[in-house]
Amino acid sequence: MTEQEKRIRIARRIALELRDGHFVNLGIGLPTLVANYVPEGIEVVLQSENGMLGVGPYPLEGEEDADLINAGKETVSELPGTSYFDSASSFAMIRGGHIEMAVMGGMEVAENGDLANWIVPGKIIKGMGGAMDLVATARQLYIAMEHTTRAGKPKILHRCNLPLTGVGVVDTIVTEMGFFRVTPQGIVIEEIARDFTPEQVQAATEAMLIVSPQLRPMPGT
Amino acid sequence: MTEQEKRIRIARRIALELRDGHFVNLGIGLPTLVANYVPEGIEVVLQSENGMLGVGPYPLEGEEDADLINAGKETVSELPGTSYFDSASSFAMIRGGHIEMAVMGGMEVAENGDLANWIVPGKIIKGMGGAMDLVATARQLYIAMEHTTRAGKPKILHRCNLPLTGVGVVDTIVTEMGFFRVTPQGIVIEEIARDFTPEQVQAATEAMLIVSPQLRPMPGT
Amino acid sequence: MDKTVASAAAAVADIPNGATVMIGGFGLCGNPENLITALFELGRRNLTIISNNAGTDHEGIGVMLAAGQIKKMISTYVGENAIFEEKARSGELETELLPQGTFAERIRAAGAGIPAFFTPAGVGTVVAEGKETREFDGRVYLMERWLKADFALVKAFRGDRWGNLTYRKTARNFNPVMATAAHVTIAEVEELLPPGGLDADSIVTPAIYVHRIVLGAGYRKPIERRTVRKG
Amino acid sequence: MDKTVASAAAAVADIPNGATVMIGGFGLCGNPENLITALFELGRRNLTIISNNAGTDHEGIGVMLAAGQIKKMISTYVGENAIFEEKARSGELETELLPQGTFAERIRAAGAGIPAFFTPAGVGTVVAEGKETREFDGRVYLMERWLKADFALVKAFRGDRWGNLTYRKTARNFNPVMATAAHVTIAEVEELLPPGGLDADSIVTPAIYVHRIVLGAGYRKPIERRTVRKG
């Protein structure tokens, strides 16, 4: 699979979790792709932590507005129903638990739900932006990431090695290999991509996976 | 002096403290009268803690608007430059020390600046409204009150007897008898009404007054 | 996504006995009149009401008080209501009085995910009794906790079907902050518009905070103190 | 009452060396371009800058960084600036990185007179090092302090001579909250109106927070990531 194929598979699967009327924050990068696969007939409202509720698609060429960007600093558009607010109000909304679902990339997830995704090893620290607030307080935190590093090392671990973004915050992980829930007992694989076996998934995972008795094929694979 | 004459004298004197561009909160009752005596040529902006900056005069008959009241629940009008905000924002403004001057009535003031003005003895407790927030955080707190109770008892005391509204919060007291500053040394009389002698003022005051070496006649008397 | 509910009665129908309910308004200004009437007519009892005031004897929350539906009131000033006095005196009604800024900020904190904060208001007064104090930069502050509700009944001027709200003049007051602090927020509006009908830069309550929206009718808007000047 | 100042240069002239200055904007969106340029040209040094980002190498705060005017940056994300990296690595620039919600709320707390509050963001991470933690209702929170500045430089869309401000789309971001948290707040606007020119219900920053107001000119509004879709 190409990297792009993996990313699309992950984004499509997460999009199936969306429900009509959900207010959702999509992180920068892969999570942003989820917006492209919102199922027909449901309306989802995207929050951007720089102060916007109701983020629309990228603008048409020539309609870019420098005053209208998302948290990734990309030009976006507004929708009927969009609202704007300041950054303190935006994080009050986030911290107050009003965001039903946040989707974020991950570098490492531990079996207890710890997440590390803000310091890239060997690079200068750029800052956590809004990630620590989002992971601490979203009602459901989905991590959208490739199952292993480019070097093929597992990213779902016993314990995170990198500096943490949040402690025990991850609810769900979606990779190109499957759909995983973080539970008090450990990480449960609930869906597996048709092109992998449970053994292959475990081999690419440091944490010991619990195979759900209702293990299903992952939709879209 | 009639009660109304006393009230007008007090309000007029406090109005002389106003400076161009001041943001001021006037309490219910006597303090509200201060707005009638703003000196010519200066512009003062009145804050009302129910969520308005730039309170205008009472409306013309027939122009009352039920959606436009002050904190005393009186109908008021708006001015060019008026803004509205919610109650949490209003008290953020107050608590944050942005109000230059608050004027409030008083039942008792102690020589250390303690204030009691929210529980009327013998009556059921109605609540403190915004008084505790205002007295704790206005940059300058003026107490506008008659010098004695209706029974002729002093209201400027060694210690307050009534439940407090704030501890050490009063900066200035204006009564029909004079203009008083609360200082670390005690209460200093800086201005005296022409119709009273220092002895008369002291006789109506429980706290020991310090007579300012620059004692002046109170303007407007 | 359409949060419109056909009637105020339908919007409040699932508020149970014993619920904690925030009600917007300052005095009778900016009251959710239709929702208060609907809650009164629903006849629920043992309610805890969080509202700045308690209405008057014949208006607003006062009507529910008179009917004995309210177990406890959390307010800042209740001076306009003789029935309140009577019930508080007899012990039939439990009351908690707070400084208005503390009241507003505790509600804001609930909506903003802040379990506790420090304020200078009330230090050294009865309000401080039993509360933790702490010094910062040489000044003493009280620690105050967030204040949440099961339901919030709010009144806005205009709203859209997503739940975005705007307010008119001082009828805004506690409505926007209460809208953030309840498990279920029910808004009534004087005008209901399709999404896009409100100016995006002027929306005060973003749709995320509002769960149900009702088009109000028959607003009475009583004035407590009609004060006018000569022309 | 007229808070208008004739030029950005005049508006910032009394900012001294060593001052703590908040600067609004999210990336290059909603930056007070005229005021940043004026502060750069004023040549003050040893500044502590509180701003969500550090501009880019050739835009915004990045220009002051390159000129060595900044001693310390308090920010949440500085990933768009190679000069920043270099100066931070060499130790020439002191940096403090905060979770964005904590950063915003600390500034809001300063404006709102709240010396400290509790937040769940950053618990168990490096952000928690040296900070007090406390459990409320079974969850652990960090205590965070208010964050104040000597000056705030903010960008609004429209303003009036009293100092009332409104904002346009996501250029609002940190501007309104920083406007409340400094000893002196200086605003620049694209349109300057007489009082009454703004809708009273739609004003975002009430005049009380703004000490000086300047009509900006020549806005460049660079876009960091131009993303478009096919028509």
Side-chain angles (χ1 to χ4, degrees), chain A residues 32 48-52 55 57-78 82 84-95 97 114-116 118-119 123-137 163-169, chain D residues 26-30 52-53 75-81 84-86 88-89 95 97-105 107-109 111 119-127 140 157 167-177 180 204 219-231:
Chain A
T32 302
S48 191
E49 63 265 31
N50 55 320
M52 182 178 190
V55 180
Y58 294 141
L60 292 172
E61 179 100 38
E63 295 187 358
E64 313 91 289
D65 183 337
D67 288 342
L68 182 43
I69 62 170
N70 65 18
K73 291 157 193 160
E74 300 173 325
T75 46
V76 294
S77 64
E78 88 183 20
T82 291
Y84 300 103
F85 33 84
D86 69 62
S87 301
S89 301
S90 183
F91 282 93
M93 189 181 282
I94 290 168
R95 203 189 310 101
D114 288 0
L115 171 69
W118 75 283
I119 296 184
K123 298 222 174 158
I124 192 137
I125 297 173
K126 296 186 176 217
M128 64 293 280
M132 286 189 180
D133 307 273
L134 276 161
V135 304
T137 53
L164 296 182
T165 309
V167 171
V169 292
Chain D
F26 183 93
L28 300 176
C29 179
N52 190 58
N53 312 91
S75 305
T76 85
Y77 187 80
V78 292
E80 262 78 55
N81 194 315
F84 183 98
E85 282 201 30
E86 193 182 301
R89 216 188 280 266
T95 61
L97 291 168
L98 302 171
Q100 199 167 129
T102 299
F103 178 80
E105 189 67 14
I107 297 168
R108 191 252 172 201
T119 174
V123 170
T125 75
V126 294
V127 166
V140 178
F157 180 44
Y167 303 85
R168 186 169 176 275
K169 305 189 188 285
T170 57
R172 186 182 306 197
N173 56 64
F174 290 92
N175 288 296
V177 65
T180 70
V204 173
Y219 283 100
R220 301 183 46 250
K221 297 195 181 181
I223 291 176
E224 289 183 69
R225 301 224 169 86
R226 188 175 304 271
T227 43
V228 295
R229 72 179 196 273
K230 298 267 155 54

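Chain identifiers are assigned alphabetically (A, B, ...) following the order of the sequence lines, protein sequences preceding nucleic acid strands; residue numbering begins at 1 within each chain.
For D:R168, the parts lying near chain A are the backbone and the side chain together; criterion is any non-hydrogen pair under 4.5 Å. Of the atoms belonging to D:V78, heavy atoms from both backbone and side chain fall under 4.5 Å from chain A. Looking at A:N70, only its backbone comes within 4.5 Å of chain D, counting heavy atoms on both sides. Using a 4.5 Å cut-off between heavy atoms, D:T102 contacts chain A through both its backbone and its side chain. Contact annotation for D:L98: only backbone heavy atoms (N, CA, C, O) come within less than 4.5 Å of a heavy atom of chain A. D:N52 does not touch chain A: none of its heavy atoms, backbone or side chain, sits under 4.5 Å away. Residue A:A131 does not touch chain D at all, counting heavy-atom pairs closer than 4.5 Å. There is no contact between A:E63 and chain D, counting heavy-atom distances below 4.5 Å. Contact of A:L134 with chain D is not made at all, since no heavy-atom distance falls under 4.5 Å. When heavy atoms are compared at a cutoff of 4.5 Å, A:L68 approaches chain D by way of both its backbone and its side chain. Looking at A:S48, neither its backbone nor its side chain comes within 4.5 Å of chain D, counting heavy atoms on both sides.
In this structure, the separation between OG1 on D:T76 and NZ on A:K126 is 13.5 Å, given to the nearest 0.5 Å. For the atom pair D:K230 NZ and A:E61 CD, the distance stands at 8.5 Å (nearest 0.5 Å). To the nearest 0.5 angstrom, D:L97 atom CG is 7.5 Å from A:I125 atom CD1. The line from OG of A:S87 to CZ of D:R172 is 10.0 Å long, rounded to the nearest 0.5 Å. Atoms CZ and CD, from D:F26 and A:E49 in turn, are 6.0 Å apart once rounded to the nearest 0.5 Å.
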task = Check step by step if side-chain contact (heavy atoms from CB on, under 4.5 Å) holds for A:M128 and D:Q100.
result = CA-CA 8 Å; A:M128 64 293 280; D:Q100 199 167 129; over 6 Å; no

task = Test A:W118 against D:V126 for side-chain contact (heavy atoms from CB on, under 4.5 Å), laying out the working first.
result = CA-CA 11 Å; A:W118 75 283; D:V126 294; 3.5 Å; yes

request  = Could you walk me through whether D:E105 and A:F91 pass side-chain contact (heavy atoms from CB on, under 4.5 Å), step by step?
outcome  = CA-CA 8 Å; D:E105 189 67 14; A:F91 282 93; over 6 Å; no

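The most heavy-atom pairs under 4.5 Å with chain D, out of A:A136, A:G168, A:S89, come from A:A136. By number of non-hydrogen pairs under 4.5 angstrom with chain D, the leading residue of A:L164, A:V135, A:V167, A:I69 is A:I69. Per-residue heavy-atom pair counts under 4.5 Å with chain D were compared for A:S90, A:A92, A:A71, A:P59, and the maximum is reached by A:P59. With chain A as the partner, the residue from D:A104, D:P99, D:G27, D:G122 showing the most heavy-atom pairs under 4.5 Å is D:P99. By number of non-hydrogen pairs under 4.5 angstrom with chain D, the leading residue of A:M132, A:K73, A:M52, A:E74 is A:K73. By number of non-hydrogen pairs under 4.5 angstrom with chain D, the leading residue of A:G72, A:P163, A:G62 is A:G72. Ranked by heavy-atom pairs shorter than 4.5 Å toward chain D, the options A:T165, A:N50, A:I94 are led by A:N50.
A side-chain donor-acceptor contact under 3.5 Å links D:T227 to the backbone of A:T75. Not one N or O on the side chain of D:T170 forms a donor-acceptor pair closer than 3.5 Å with the backbone of A:G51. A donor-acceptor pair is defined here as one N or O able to donate and one able to accept, closer than 3.5 Å; such a pair exists between the side chain of D:R229 and the backbone of A:Y58. Looking at A:R95, its side chain never comes within 3.5 Å of a backbone N or O of D:A121 through a donor-acceptor pair. Distance alone, capped at 3.5 Å, places no donor-acceptor pair between the A:D67 side chain and the D:C29 backbone.
Contact record, D:G101 with A:D133: N-OD2, 2.8 Å, taken as the closest heavy-atom pair.
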